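Each remark here refers to the structure printed beneath this line.
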Amino acid sequence: MMHTTSQPTFVFVPGGSSNARAWGPLQNELALHGHRSYAVDLPGHGDRADHPAAYYRQPQDLAALATAPSPMRGVTLWDNVRHVVDVLHRLAPSGPLVLVGNSFGGLTVTAVANAVPELLDRAVYISAVCLGDPAMVTGEWDVPDDNLLDAAAARITVPDTGDQGIVRLNWRAAHTDPVLFAQLKAAVMADSTDHQFRMLLDSMDPDENYAVLEEGSVARAEQWGKVPHTFVRLSEDRSIPPAVQDYMIRKADELTPANPFDVRTLATSHVGYFSRPHLFAEVLADLARVAPM
């Protein structure tokens with residue numbers, strides 16, 4: 001493909017319950033390095049999605065929140081892939097493309113790399129879910145997982161929304177519960193100030209469809225394996241702990257031993273790119289300098 005510039009555009013895919021707004025601080029830092037970026041709102045997410053009004057009203061009406069329809073209802077992994085691929089096609093004439101995902105967004109990154117490896121110059125996983133083996137979809141992972149997020153998420157899970165095929169998390173409940181606030185902050189962004197974490201909470205979407213964790217999100221050696229890939233390993237992550245990150249790296253490297261992960265380690269929390277974006281901008285800028293674009 002003919003590019004008008006050798007400078008890459010970084011395309012960001014958010015994690016679960018997140019959207020394009022979470023990437024704002026990192027996008028600003030990247031701009032200071034002279035790099036273009038685009039943050040994706042996946043289908044059912046972000047400012048254009050029709051999220052339940054009861055999620056935003058204060059005081060919250062929890063009964064209304066439990067029954068409100070979800071913009072995520074019926075959204076599939078393939079809806080995510082089509083949306084991201086369309087963005088990539090529109091950006092491709094301007095130069096190389098680096099697809100970056102965090103957390104649950106890694107599933108979409110992998111599925112997109114499977115679908116259109118020719119469009120990507122690199123895939124970057126920021127402590128993101130990467131499945132290198134189909135058994136990882138339904139089987140037990142052979143690694144200890146002492147994450148703090150599961151217990152915290154259980155406290156904010158809105159009951160009785162299963163008939164919509166989604167999980168609804170009431171992140172905003174933490175604003176009125178100091179103990180819950182501290183628990184969520186420890187799990188997600190312990191290295192932030194309280195103010196920064198409040199800003200992150202206010203950016204979060206309530207709904208997510210975990211059905212995207214399916215075989216289409218498993219890396220394929222013949223497609224995904226052609227794309228250079230970097231794993232930004234977060235050593236202070238308590239949502240996807242380092243041992244789990246290392247397990248995913250190892251399984252992916254077993255799939256493509258001739259194209260292993262380029263691993264970079266940062267001592268930050270799971271969403272450190274929001275609280276300490278300069279560290280992540282330096283890593284991405286370095287990738288742009290050393291990678292063949």
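Please read these numbers as outputs of a predicted model, since none were measured by experiment.
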Legend entry - Positive for ring pair (Phe, Tyr, Trp, His ring centres under 6.0 Å) with Trp23, one of Phe274, Phe12, Phe280, Tyr38: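 So, applying the ring pair (Phe, Tyr, Trp, His ring centres under 6.0 Å) to Trp23 and each of Phe274, Phe12, Phe280, Tyr38, only Phe12 qualifies.
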Inset, instruction - Return the minimal non-hydrogen interatomic distance between Leu107 and Leu77, and the atom names on each side. - result: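 Between these two residues, the closest heavy atoms are O-CD1, 4.2 Å.
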Quick test of your reading of the model: are [X] and [Y] salt-bridged, counting only N-O distances below 4.0 Å?
X     : Y      : answer
Arg48 : Asp41  : no
Arg82 : Asp79  : yes
Arg21 : Asp202 : no

Are any side-chain N or O atoms of [X] and backbone N or O atoms of [Y], one a donor and one an acceptor, separated by less than 3.5 Å?
X      : Y      : answer
Asn259 : Val227 : yes
Asn114 : Arg220 : yes
Glu215 : Pro134 : no
Asn209 : Val75  : yes
Asn19  : Ser203 : yes
Glu29  : Ala281 : no

Legend entry - Side-chain H-bond candidate by donor/acceptor type, Thr230 with Arg122, under 3.5 Å: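 A pair is found: one side chain offers a donor N or O, the other an acceptor, under 3.5 Å apart.
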Inset, instruction - Report the residue from Thr268, Val271, Leu201 that forms a side-chain contact (heavy atoms from CB on, under 4.5 Å) with Met189. - result: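 It is Val271; the other options fail the test.
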Inset, instruction - If the plane angle is over 60° it's perpendicular, under 30° parallel, otherwise tilted; pick one for His229 and Phe261. - result: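 Aromatic pair His229/Phe261 classed perpendicular.
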